[in-house]
Amino acid sequence: MRLGFAVKVLGEGGLPSHDTRRWQSAPHLRHSIEAMHAVLGYLERHDIRMYRMTASLAPYATHPDLPAFHAQVDEALYELAGLGAHARALGIRLSTHPGQYVVLNSEHAAVQEAAIRDLELQAALFDALGLGPEAVAVIHVGGGGRDRPAGLDRWVAGWERLSERARARLVVENDDRTYALPDVMELHRRTGVPVVFDVLHHECCDRDGIPVRAALALALRTWPSGVRPKVHYSTPREPGSRAHADEIDPLAFAAFLDAAAGLEFDVMLEAKAKDLALLRLRERLATPPARGDRRGRAAA
DNA sequence: CGATGTCAAGGAATC
DNA sequence: GATTCCTTGACATCG
């Protein structure tokens with residue numbers, strides 16, 4: 001099982017994840033690729049084999065008012081191939097997670113159009129990187145919580161408008177208030193899209209009371225054979241909260257792994273302390289707390 | 001230099 | 001129909 005973290009590197013004084021300059025400064029994918037080589041070096045030094053890239057690796061690449069930027073992937077094909085080779089050589093699984101503005105099931109045609117553009121770009125990036133089928137772009141179902149069935153229909157309609165290669169890179173995640181596991185399982189039945197199981201979201205939004213192991217097993221079976229599924233794991237800031245804590249609670253995580261015994265998957269950790277949370281969790285799992293020490297402090 | 005406002009983008013809740 | 005929050009980090013600007 002691989003453990004990964006999202007985007008921002010805090011260790012070693014912090015590393016940039018991509019070219020974050022404003023569009024007026026002409027940011028470019030090439031600069032992001034340079035930043036990513038440094039991130040891969042960091043991951044290798046710390047034996048981290050899974051990483052969520054920023055969804056903005058190609059800055060403003062899908063901005064409708066900036067046609068000059070559309071060609072970034074084509075302009076950097078050689079550099080992308082080099083970056084992908086670097087990641088493959090290190091055995092690092094890469095993914096992206098386009099944010100709240102990418103809404104494939106939007107009621108507004110222009111918004112759905114923009115989502116399709118973005119997902120096509122993510123797929124073009126993964127293909128140019130030369131990454132295997134484990135490199136995927138994760139999205140939520142989107143909006144329309146008042147009428148969930150209609151929202152699911154719109155999602156399928158959006159999915160049907162994607163190219164084969166974009167479909168091949170797309171996976172869908174259960175969210176924490178609207179589209180729960182049964183909803184994304186329906187999308188899987190209708191389109192074949194694999195499901196990323198988010199453990200905290202399931203705890204927040206589980207109308208049918210599906211036990212975590214059963215829910216996890218359902219989601220894992222949506223992945224093609226030969227492609228290792230992945231799940232999202234985070235600790236709530238307070239019990240019942242939807243916000244992520246700084247770190248991962250090692251006891252809760254160990255209990256989750258216990259419940260998941262025998263199942264195979266990678267885990268993307270979502271914690272505000274990012275890579276530092278991952279390193280600390282790994283340390284704490286390797287050094288179990290003394291009996292009765294509920295805080296899980298390593299022996300001083 | 002430190003503090004503060006702003007950023008391409010959507011949706012839900014509120015009025 | 002318009003406004004505010006959600007949630008996030010870092011650029012950009014101002015004092």
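Since this is a predicted model, take the numbers as computed values, not measurements. Each chain gets a letter, A, B and so on, in the order its sequence line appears, and its residues count up from 1.
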C:dT7: pairing nucleotide in any strand, Watson-Crick or G-U under 3.5 angstrom =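 In the structure as shown, C:dT7 has no Watson-Crick or wobble partner.
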[X] side chain to [Y] backbone, donor-acceptor under 3.5 Å:
X: A:Glu173; Y: A:Asp198; value: no
X: A:Tyr60; Y: A:Ala26; value: no
X: A:Arg169; Y: A:Ser95; value: no
X: A:Gln72; Y: A:Pro59; value: yes

ask   = What heavy-atom pair brings A:Ser17 and A:Leu57 nearest, and what distance separates the two atoms?
value =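 In terms of heavy atoms, the two residues are closest at O-CD1, 4.2 Å.
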query = Within the stacking criterion (centroid distance below 5.5 Å, interplanar angle below 30°), does A:Tyr101 stack on B:dG10?
reply =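 No, A:Tyr101 does not stack on the base of B:dG10.
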Whole-Å distance between [N] [atom2] and [X] [atom1]?
X: A:Arg154; N: B:dG10; atom1: CZ; atom2: C1'; value: 13 Å
X: A:Glu270; N: C:dG9; atom1: CD; atom2: C1'; value: 17 Å
X: A:Asp275; N: C:dG9; atom1: CG; atom2: P; value: 13 Å
X: A:Trp23; N: B:dT6; atom1: CH2; atom2: C1'; value: 14 Å
X: A:Leu119; N: B:dG10; atom1: CG; atom2: C1'; value: 15 Å
X: A:His140; N: B:dG10; atom1: NE2; atom2: C1'; value: 13 Å
X: A:Tyr60; N: B:dC7; atom1: OH; atom2: C1'; value: 6 Å
X: A:His18; N: B:dC7; atom1: NE2; atom2: P; value: 17 Å

inquiry  = Distance alone, cut at 3.5 Å: any donor-acceptor contact between the side chains of A:Asp118 and A:Tyr101?
reply    =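 No, no side-chain donor-acceptor contact under 3.5 Å.
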inquiry  = Can you see if the side chain of A:Ser106 gets near the phosphate of B:dG11 - specifically, an N or O under 4.0 Å from OP1 or OP2?
reply    =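 Indeed, a polar side-chain atom of A:Ser106 lies that close.
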key: Check: A:Val141 and A:Leu187 side chains under 4.5 Å, non-hydrogen atoms   =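 In short, these two side chains touch, coming nearer than 4.5 Å.
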Can you check the distance between [N] and [M], where both ends of the measurement are the [atom1] atom (answer in whole Å)?
N: B:dG5; M: C:dT4; atom1: P; answer: 15 Å
N: B:dG2; M: C:dT8; atom1: P; answer: 25 Å
N: C:dG9; M: B:dA12; atom1: C1'; answer: 24 Å
N: B:dT4; M: C:dT7; atom1: P; answer: 22 Å

Strictly under 3.5 Å: I want the nitrogen or oxygen pairs between protein and nucleotides 12-15 of chain B, one per line.
residue	atom	partner	partner atom	Å
B:dA12	OP1	A:Gly144	N	2.6
B:dA12	OP1	A:Gly145	N	3.3

message = Does atom CZ (A:Arg177) have a neighbourhood of more than 12 heavy atoms from anything else shown, all under 6.0 Å?
response =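 Counting other residues, nucleotides and ligands, CZ of A:Arg177 stays at 12 neighbours or fewer.
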inquiry  = Can you confirm whether or not the ring centre of A:His201 sits under 6.0 Å from the ring centre of A:His232?
reply    =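 Ring-ring flag for A:His201/A:His232: false, centres at least 6.0 Å apart.
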task = Give A:Lys272 one of three labels, base, sugar-phosphate or nothing, depending on what nucleic acid heavy atoms sit under 4.0 Å from its own.
result =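 Sugar-phosphate contact only - A:Lys272 comes under 4.0 Å of backbone atoms but never of a base.
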inquiry  = Check this for me, if you would: do A:Arg30 and A:Glu79 make a salt bridge, where the nitrogen-to-carboxylate-oxygen distance has to be below 4.0 angstrom?
reply    =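 Looking at A:Arg30 and A:Glu79, the cut-off is met.
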task = Determine, for nucleotides 10-15 of chain C in 5'-to-3' order, which nucleotides have protein heavy atoms under 4.0 Å from the base (write B), from only the sugar-phosphate (write S), or from neither (write -).
result = BBS---
